[in-house]
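Here's the structure, in structure tokens; my notes come after.
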Amino acid sequence: MNWKEININTTYQAYPAINNLLQELEVKGITKEELESDEDEILIKAYLKKDINLEKLKEKISSLEEYGLRVGSAKLKIKSVIKEDWASKWKENFKPLRVSDRIIIKPSWEEYPSQKDNVIIEIDPGQAFGTGHHETTEVCLRLIEDNLDSDTKLLDIGTGTGILSIAAAKLGAEEIFALDIDPIAVKVAKENATLNQVETEIDFVAGDLVEVVDKTYNLVVANLLPHIIVNLIPDLEQVITENGKFILSGIIVDKEEKINDKLREYDFKVIERIQLGEWVTIIGEQK
Ligand SMILES: C[S@@+](CC[C@H](N)C(=O)[O-])C[C@H]1O[C@@H](n2cnc3c(N)ncnc32)[C@H](O)[C@@H]1O
């Protein structure tokens, strides 16, 4: 059966948000290529079976500008492709990636020679965000590694593929609760946890921000878009233990001050900020 390939010319900055929009359309695979013409421009390719309303998708992409995201030319094209062709090409885009001295991310179909102390995480991208190939995920993984010990109780808000929770489980966290507003992401995350044999160590639940959380955690990670983080901050206190820390990522550099203002308003302090490309990650705690 023929599949459809949607091509979207946009910016790197808008990728996580467009990825979310595409997930709502039940796409089966998403890739991004950096375009040589302009270092900030990327080409997103997404594959799906059903017909979609291209105009409506274009409108939704354009409306991301209202949240301060540059979407670039946002040119959309659609063409028919044969599944065998895209499935093998799509796989070529996911190679093993070392994100720290210990952590390596790899898709299930790639081999990686494991060495002592390596933490190898197998992630099949499927329909959710979080293969480690994005700066925000990469920095979160490193910070989780640096801040985790056997007493860590992790809350992972917006788990996507489950990558951060799976890493925490493999690094020896005591307890992990992972949630995502998107039930498809929760399904993909559970499958990835099973692939990594840590499914019994993580509770996955579908839910909006902290509405399904009824406990406190000493490490909270949220890799979300800036306007969603702004909505999360007022509720952070109810899910963090007194001496707990939080990691907020997905912050485009020109939105950082807005996030800092909100953190000050709710009596949180920033311990450290890490910038990779145009993305900022903040680690903080209560004052
Ligand atoms: C940028 S991805 C991060 C995925 C993964 N944690 C990582 O670091 O790569 C953001 C995820 O947050 C989810 N999300 C967006 N809004 C949310 C909300 N209000 N509550 C919970 N999850 C949300 C999205 O569905 C998406 O899977």
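Just so you know, ligand 1 is whichever comes first in the structure, and atom 1 is the first atom listed for that ligand. All values below were derived from every heavy atom in this structure, side-chain atoms included, with hydrogens, water molecules and symmetry-related copies excluded. Residues take their numbers from the sequence shown, with the count starting at 1.
- The minimum heavy-atom distance linking Leu154 with Ala168 is given by the pair CD2-CB, 3.7 Å.
- Salt-bridge formation is detected for the pair Lys153/Glu174: a Lys NZ or Arg NE/NH1/NH2 atom is positioned less than 4.0 Å from an Asp or Glu carboxylate oxygen.
- Of the polar atoms of Leu209, at least one N or O is found under 3.5 Å from an N or O of ligand 1, judged by distance alone.
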With a cut-off of 3.5 Å and sequence neighbours excluded, list every side-chain donor-acceptor pair involving residues 207-217.
unit_1 : atom_1 : unit_2 : atom_2 : d
Lys215 : NZ     : Glu175 : OE2    : 2.5

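- Inclusion of Ile181 in the set of residues having an N or O under 3.5 Å from an N or O of ligand 1 is warranted.
- Applying the 4.0 Å criterion to heavy atoms of Asp182 picks out, from ligand 1, the atoms 25 (O).
- The pair Glu110-Lys95 meets the salt-bridge criterion, with a side-chain N (NZ, NE, NH1 or NH2) lying under 4.0 Å from an Asp/Glu carboxylate O.
- Only the side chain of Ile228 comes within contact range of ligand 1, with a heavy atom under 4.0 Å; no backbone atom does.
- With sequence neighbours excluded, no residue forms a salt bridge (charged side-chain N to carboxylate O under 4.0 Å, His left out) with Lys32.
- The nearest non-hydrogen atom to atom 5 (C) of ligand 1, considering only Thr159, Asn231, Ile247, comes from Thr159.
- Under 4.0 angstrom from ligand 1, the non-hydrogen atoms of Asn20 all belong to its side chain.
- Under a 4.0 Å criterion applied to the non-hydrogen atoms of Leu164, ligand 1 contributes the atoms 6 (N), 8 (O).
- Only the side chain of Leu224 comes within contact range of ligand 1, with a heavy atom under 4.0 Å; no backbone atom does.
- Inclusion of Asn223 in the set of residues having an N or O under 3.5 Å from an N or O of ligand 1 is warranted.
- For a threshold of 3.5 Å applied to N or O pairs, the pair formed by Asp156 and ligand 1 contains no separation below that value.
- Looking at heavy atoms from C-beta onward, Lys28 lies out of side-chain contact with Lys49 at the 4.5 angstrom threshold.
- Between Asp261 and Arg264 there is a salt bridge, since a side-chain N of the basic residue sits under 4.0 Å from a carboxylate O of the acidic one.
- On a distance-only criterion, Gly158 and ligand 1 share at least one N/O pair closer than 3.5 Å.
- Annotation: Asp208 places an N or O atom under 3.5 Å from an N or O atom of ligand 1; distance criterion only.
- Every atom of ligand 1 with a heavy atom of Gly207 under 4.0 Å away is listed here by number and element: 20 (N), 21 (C).
- Aromatic ring pairs are classed by plane angle as parallel below 30°, tilted from 30° to 60° and perpendicular above 60°; the pair His134 and Trp279 is perpendicular.
- Side chains of Asn9 and Glu41: a donor on one and an acceptor on the other come within 3.5 Å.
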